[in-house]
Amino acid sequence: MTGPSPAAVSGSSRTVSPFAPADVLAPRIGAAIEAAFGAEYAGVDPLLRPSQFADLQANVALSLAKKVGAKPRDVAEKIVAALDVSDLASSVEISGPGFINLTLSPGWLSGAATSMAGDERLGVPRQERQIVPIDYSAPNVAKEMHAGHLRTTVVGDSLARTLEHLGHQVIRQNHIGDWGTPFGMLIEHLLDVGETSDEATLLEVDPNSFYQHAREKFDSDPAFADRARGRVVKLQAGDAPTLAVWNRLVGLSKVYFNRIYSALDVTLTDGDLAGESMYNDQLQAVCDELEDRGIAVISDGALCVFLPGYTGREGKPVPLIVRKSDGGYGYGTTDLATVKYRVQQLHANRILYVIGSPQSLHLNMVWDTARAAGWLPDDVEVVHVQIGNVLGSDRKMLRTRSGNPLRLMGLVDEANTVARKVIDEARPDLDEAIRAEIAPQIGVGAIKYADLSVAHDTEYVLDLERMVSLTGNTGPYLQYAAARIHSIFRNAGMAPDAATAPIVVAEAAERDLVLALLQFGSTVALVGDALEPHRLAGYLFELAQAFSSFYEKCPVLKADDAAVRDSRLALSALTLRVLTQGLELLGIRSPERM
RNA sequence: GCGCCCAUAGCUCAGCUGGAUAGAGCAGCGGACUUCUAAUCCGCCGGUCGCAGGUUCGAAUCCUGCUGGGCGCGCCA
């Protein structure tokens, strides 16, 4: 067994939302349990779950039965007898073996929805502030970004947005690959072609070509290869002219990264760059400290950390190599330095690594080493937000090495082209300029949603058609729902903000919509807690479905009654705010027309 | 060999941390635009939750074994 050490779980407080029915009901049921069975049962989870027979069901009676030595049904009776929810529920029923079915009253739903509409935060709790460095995206200098980078970038960005919204101080850490052996070759190639040449410009638009040209020269021209190797030595020695060229190389790549981030509408900026090179001056100290304290030992000429519980082939211990036998440092050393930096300099409470799942073993070894060295205290939570492998159509893992033809920029372009085609067909009435502005919001929304709507740790086959699809459970479906609401207000000649009438729940479709709306705050809190943006995506899809259904069944502007019309306007406005806010947390735009 | 992860409808995936009759989307079939945007809505069809045991009031979910697949396991990152 490898020794994946239990991360010091700081138990990030799963805060409650003031409008979510389950959050409101839980303490009531808790009080009833306490009243019925005594203070020792004060803290038990009422096990509130959505129900097919009511709005919610509490399953606690079944789990409590054997503890209190009574039949589940009788336990439920006692809880219900002590339960006071007359202001919330229109019906409390015990059914089956002891389920407590709760149906919320229209009056409470109306009041909760109206209150939510008056809340700036839409019921999203503000949590106790934590400092949370998030390591994500991490492209390589002079390398094309591919579909694998898309996922870490999009998921990491959504987590950053969500945690910030919950009140945390997020520190984005774009750990770009800007150091290492290939840089000798890249620098020499850049020197050969000239920094202002067309070839150099490839770094901004088609970095793989630049890389491959350098690689070809390296493989075919021994003299070039020698120069490249010599250049690595100079680079690592801190030779000033070499560093100047290296800087230029990184600068050209930054242009490329920023083009992608801008196209993808990702929040990463140059200020978030925290590449491998940033830790150069700390690597020796990391090694020295580990060696001096006996945590690392020399093995086959390399400085290694051997941790208990990590064995590989033939039962041999697996090392974390912190200094290669040639004296160079690998990524293990850099990763240790990042842990130190994030704990000691950034004062992190919780550190997220949004990186590929194959790195799991490596990360655990880094963390265990950091713990052994005292660099990672128990009260700092480290989490590997595992990004599942992206597979090609052959179901094989896409690798950077294989020179996969599907460039990320190509994927974006393709999606935007499809979006443009669809909008041209569907909305010829819109101005050319408006369609040109909206199409990329839809195309990129489709791509991002495709990645955000599935669990981040599952591997998946890259399916272009699915990613750029605009119907069904897709980003554009959510955007469309929001756009229809904007349209209602355009027709009404009023701003959504002006729709502040009380919300009154009457029709079933209104009820379903309100019920969905009230879950927003607790859903966002859950995403921050579990670090799973796909739950927010799933929630928003359900909300959009509830709205679409409401839209079909409940005329807003043509409602017979003025109060009903005003209520529905307020309900539509609230839905719009939740959809827009939710999409923003996913990093997806909400066009006003589409 | 050791370790980690995965297996749910024809396809792509959910399944709120153990709850009642397992849900969506796509595909297929049938309906709904002189009515706030049909990128939509309503309905139908479709599953032995890989297999076998176990735990318990109750299992897609937890445990064990098996089958099948992915990934990782010393000087690339």
Side-chain angles (χ1 to χ4, degrees), chain A residues 1-4 22 47 49-53 57 59 62-63 65-66 71-72 95-99 138 140 177 179-182 276 299-304 309-321 323-326 328 330-332 334-335 356-362 364 386 388-389 391 395-397 400-401 422-423 425-427 442 450 453-455 457-461 463 466 469-474 476-477 479-481 483-485 487-492 519 522-523 526 530 534-535 538-539 541-542 545 548-549 551-553 555-559 572 593-594:
Chain A
M1 77 168 263
T2 61
L47 300 175
R49 301 286 182 267
S51 174
Q52 49 192 314
F53 302 108
Q57 61 183 50
N59 300 328
L62 289 87
S63 65
K66 59 172 178 283
K71 290 182 188 169
S95 78
F99 299 110
N140 291 311
W179 205 253
T181 19
E276 293 168 347
S299 170
D300 292 342
L303 186 61
C304 302
Y310 292 95
T311 52
R313 287 198 182 82
E314 294 141 36
K316 280 198 203 162
V318 177
L320 179 71
I321 295 175
R323 194 179 60 222
K324 298 186 284 183
S325 53
D326 67 2
Y331 75 136
T334 313
D335 286 343
S357 46
Q359 308 255 22
S360 175
L361 175 65
H362 169 75
N364 277 300
Q386 302 198 9
N389 291 325
L391 310 178
R395 292 205 69 89
K396 290 270 173 75
M397 206 174 134
T400 345
R401 279 286 176 78
V422 170
I423 199 170
E425 283 168 10
R427 299 300 306 273
I442 294 168
S453 58
V454 295
D457 59 347
T458 55
E459 60 183 24
Y460 72 101
V461 178
D463 182 348
R466 182 183 71 90
S469 163
L470 308 182
T471 57
N473 185 359
T474 63
Y477 175 82
Q479 293 173 320
Y480 181 68
R484 294 218 280 191
I485 300 174
S487 179
I488 290 173
F489 284 98
R490 268 194 304 274
N491 290 328
Q519 317 284 336
S522 54
T523 301
L526 177 63
H534 80 278
R535 290 178 187 270
Y539 164 80
F541 178 63
E542 282 177 17
Q545 277 185 312
S548 295
S549 193
Y551 183 88
E552 298 284 332
K553 290 168 190 161
V556 177
L557 300 177
K558 291 173 183 166
S572 298
R593 306 165 192 268
M594 65 183 280

Looking only at the side chain of [X] (C-beta and beyond, no hydrogens), which of the listed nucleotides [options] gets closest?
X        : options             : value
A/Tyr480 : B/C2, B/A39, B/U17  : B/A39
A/Ile442 : B/C41, B/A39, B/C2  : B/A39
A/Ile321 : B/G15, B/G74, B/C36 : B/G74
A/Val318 : B/G74, B/A39, B/C73 : B/C73
A/Arg484 : B/U21, B/C13, B/U37 : B/U37
A/Arg535 : B/C57, B/A14, B/G15 : B/G15
A/Tyr331 : B/A77, B/C71, B/G74 : B/A77
A/Ile423 : B/G74, B/G25, B/A39 : B/A39
A/Pro358 : B/C71, B/U17, B/C36 : B/C71
A/Arg49  : B/U17, B/A24, B/U40 : B/U17

[X] [atom1] - [N] [atom2] separation (whole Å):
X        : N     : atom1 : atom2 : answer
A/Phe541 : B/U12 : CZ    : C1'   : 13 Å
A/Leu47  : B/A20 : CG    : P     : 13 Å
A/Asn364 : B/C4  : CG    : C1'   : 9 Å
A/Arg313 : B/G74 : CZ    : P     : 6 Å
A/Asn473 : B/G15 : CG    : P     : 12 Å
A/Ile488 : B/U37 : CD1   : P     : 7 Å
A/Phe99  : B/A20 : CZ    : P     : 6 Å
A/Gln359 : B/A77 : CD    : C1'   : 7 Å

Integer angstrom distance from the [atom1] of [N] to that of [M]:
N     : M     : atom1 : value
B/C29 : B/A20 : C1'   : 31 Å
B/G31 : B/G10 : C1'   : 24 Å
B/G69 : B/C41 : C1'   : 40 Å
B/C63 : B/U55 : P     : 15 Å
B/C51 : B/G68 : P     : 15 Å
B/C16 : B/A52 : P     : 24 Å
B/G72 : B/C6  : C1'   : 14 Å
B/C45 : B/U34 : C1'   : 34 Å

Does [X] make a side-chain N or O approach to OP1 or OP2 of [N] shorter than 4.0 Å?
X        : N     : value
A/Asn491 : B/U37 : yes
A/Arg466 : B/U12 : no
A/Thr458 : B/A14 : yes
A/Ser325 : B/G74 : no
A/His534 : B/G15 : yes
A/Tyr477 : B/C41 : yes
A/Lys316 : B/G1  : no

Which residue, A/Val556 or A/Trp179, contacts RNA chain B at a nucleotide closer to its 5' end, judged by nearest heavy atom? A/Val556
Of A/Gly312 and A/Thr471, whose closest RNA chain B nucleotide lies nearer the 5' terminus? A/Gly312
Heavy atoms only, 4.0 Å cut-off, all strands: where does A/Ala481 land among base, sugar-phosphate and nothing? nothing
Once you apply a heavy-atom cut-off of 4.0 Å, does A/Asp326 come out as touching a base, just sugar-phosphate, or nothing? nothing
How many angstroms lie between atom CD1 of A/Ile488 and atom OH of A/Tyr551, to the nearest 0.5 angstrom? 5.5 Å
Within the modelled atom types, does a donor on one side and an acceptor on the other bring the side chain of [X] and the base of [N] under 3.5 Å apart?
X        : N     : answer
A/Ser95  : B/A20 : yes
A/Ser63  : B/G19 : no
A/Gln545 : B/A24 : no

Looking at [N], which nucleotide sits across from it as a Watson-Crick or G-U wobble partner, both distances under 3.5 angstrom, or is there none?
N     : result
B/G3  : B/C71
B/U48 : none
B/U17 : none
B/C26 : B/G10
B/C62 : B/G54
B/U35 : none

Are A/Asp300 and A/Ser325 packed together at the side-chain level, in the sense that at least one heavy-atom pair is separated by less than 4.5 angstrom? no
Does CZ in A/Arg427 sit with more than 12 non-hydrogen atoms of other residues, nucleotides or ligands closer than 6.0 Å? yes
